[in-house]
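Chain letters run A, B, ... following the sequence lines, proteins first and then strands; every chain starts at 1.
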There are 2 protein chains.
Amino acid sequence: MPGRRNVGSPWWHGRFRGGGYRLTVPRQAILNVLSRTSRHLSAEDIYLEVHKVHPHVGLTTVYRTLELLAEMGMIFKFDFGDGRARYELSEGPKSAHHHHLICTGCRRVIDYSGFMDEELEFLKRAEKGLAKKYDFEIKSHLIQFYGLCDKCRKKKAA
Amino acid sequence: MPGRRNVGSPWWHGRFRGGGYRLTVPRQAILNVLSRTSRHLSAEDIYLEVHKVHPHVGLTTVYRTLELLAEMGMIFKFDFGDGRARYELSEGPKSAHHHHLICTGCRRVIDYSGFMDEELEFLKRAEKGLAKKYDFEIKSHLIQFYGLCDKCRKKKAA
DNA sequence: TTGATAATGAAAATCGTTTTCAATAAGGAG
DNA sequence: CTCCTTATTGAAAACGATTTTCATTATCAA
Ligand SMILES: [Mn+2]
Ligand SMILES: [Mn+2]
Ligand SMILES: [Zn+2]
Ligand SMILES: [Zn+2]
């Protein structure tokens, strides 16, 4: 039965071995949760989700794992202004480079991935200019738009 | 002695009267601190600075005032990733629209105000496209670049 | 199978920020 | 100017997300 051996061995296994890290049950569970959702989960959200399958996994471990994954560049950590950090997978089959629209009325967060060509153009120029002007090497960027979603705009009008 | 009357009556006085707010000693002191610096102060930074002149002003009042000023749009509140909010005046004689370069090596924050024409171009297109695609009305934006400053880059090379 | 040690979990600690509540003071009315 | 309403304040306590501590457990290379 060839091909059966690697079932349950997702794409991220190699990343851990490389860094000298151990691939533990909590870490796999957390990565599974993150890879299944397109939402922007908090540490507690993830803890609760993991808890359904692995009730013994603690919130502390969730925090530690998220910190590690962020260091490894496997997840992004965001501050959308509601007092808790939120996380999402940075790579993998599903996720693509995107930014966020944040509704200041209802706190809804919308993934936004259009106009990446314009953005790339802007970033390329900025990167070059900033490197020269401030002797600063850009590694990553954060772009967020704040405003009102359709529902909140209609609510306001009423 | 015409012209003497308004000494000590800065440009922001009118903003308070308009909103039905009282222009108190702590609020003026906080605005004075913010208007004198180009740094990105935390609530405690501001508290300590105000404390030199007005030792009776409490940290609680600083937090409350900062919240009010942010609501009024007179200051911006930032998260540069060091676990505390940082503030800067959003308008006034000195400040101009700008964004931030954040060194992930030493946490230094550099004000960046070049290439605003490119940015404006990008934002204009994004705004229009997002309004149509997501029915979302952009009110403001946050752009931050992360990377390594000159000193940290040299340190790393050594 | 075994040993070194990375990783874990429960509880306590941390720390920036918010809430509580009685006392104070800004500023309009008279 | 004086009085009065009430917005504002300050000290202390509460809050809540995140981090630290430390004894126990589990990973995985040998
Ligand atoms: Mn997203
Ligand atoms: Mn700035
Ligand atoms: Zn909304
Ligand atoms: Zn640096």
Nearest nucleotide by nearest heavy atom, which residue falls closer to the 5' end of DNA chain C, L23(B) or L68(A)? L68(A)
Between [atom2] on [N] and [atom1] on [X], what's the gap in Å once rounded to a whole number?
X: R27(A); N: dA26(D); atom1: CZ; atom2: P; answer: 15 Å
X: E67(B); N: dG16(C); atom1: CD; atom2: P; answer: 18 Å
X: H56(B); N: dT9(D); atom1: NE2; atom2: P; answer: 11 Å
X: D45(A); N: dT18(D); atom1: CG; atom2: C1'; answer: 15 Å
X: L59(B); N: dT17(C); atom1: CG; atom2: P; answer: 9 Å
X: Y47(B); N: dC15(C); atom1: OH; atom2: P; answer: 17 Å
X: E71(B); N: dA7(D); atom1: CD; atom2: P; answer: 15 Å
X: I46(A); N: dA17(D); atom1: CD1; atom2: C1'; answer: 14 Å

Per atom distances to the R17(A) side chain, the nearest of dG10(D), dG9(C), dA29(D) is dA29(D)
Evaluation steps, salt bridge (Lys or Arg N to Asp or Glu O under 4.0 Å), between E88(A) and R86(A): CA-CA 7 Å; E88(A) 74 180 6; R86(A) 299 196 168 264; over 6 Å; no
Does T60(A) get its side chain close enough to the base of dA11(C), under 3.5 Å, for a donor-acceptor pair? yes
What I want to check is whether an N or O donor and acceptor connect the side chain of R22(A) with the base of dA7(C) at under 3.5 Å. no
Compare side-chain N and O positions of T24(B) against OP1 and OP2 of dT9(D) and report whether any pair is under 4.0 Å apart. yes
Using a cut-off of strictly less than 4.0 Å, decide whether Y63(B) has a side-chain nitrogen or oxygen near OP1 or OP2 of dT18(C). no
One should read off an interatomic distance between M72(B) CE and Y21(B) OH, to the nearest 0.5 angstrom, of 6.5 Å
For G81(A), is there any backbone N or O sitting under 3.5 Å from a side-chain donor or acceptor partner on R107(A)? yes
Tell me if a side-chain donor or acceptor on S90(A) pairs with a main-chain N or O of G73(A) at a distance below 3.5 Å. yes
For G83(A), which contact category applies under a 4.0 Å heavy-atom criterion: base, sugar-phosphate, or nothing? sugar-phosphate
Between R64(A) and E44(A), which is nearer to the 5' end of DNA chain D once each is assigned its nearest nucleotide? E44(A)
So that I can tick it off, tell me whether R108(B) and D150(B) are bridged by a salt bridge, with the cut-off set at under 4.0 angstrom between side-chain N and carboxylate O. yes
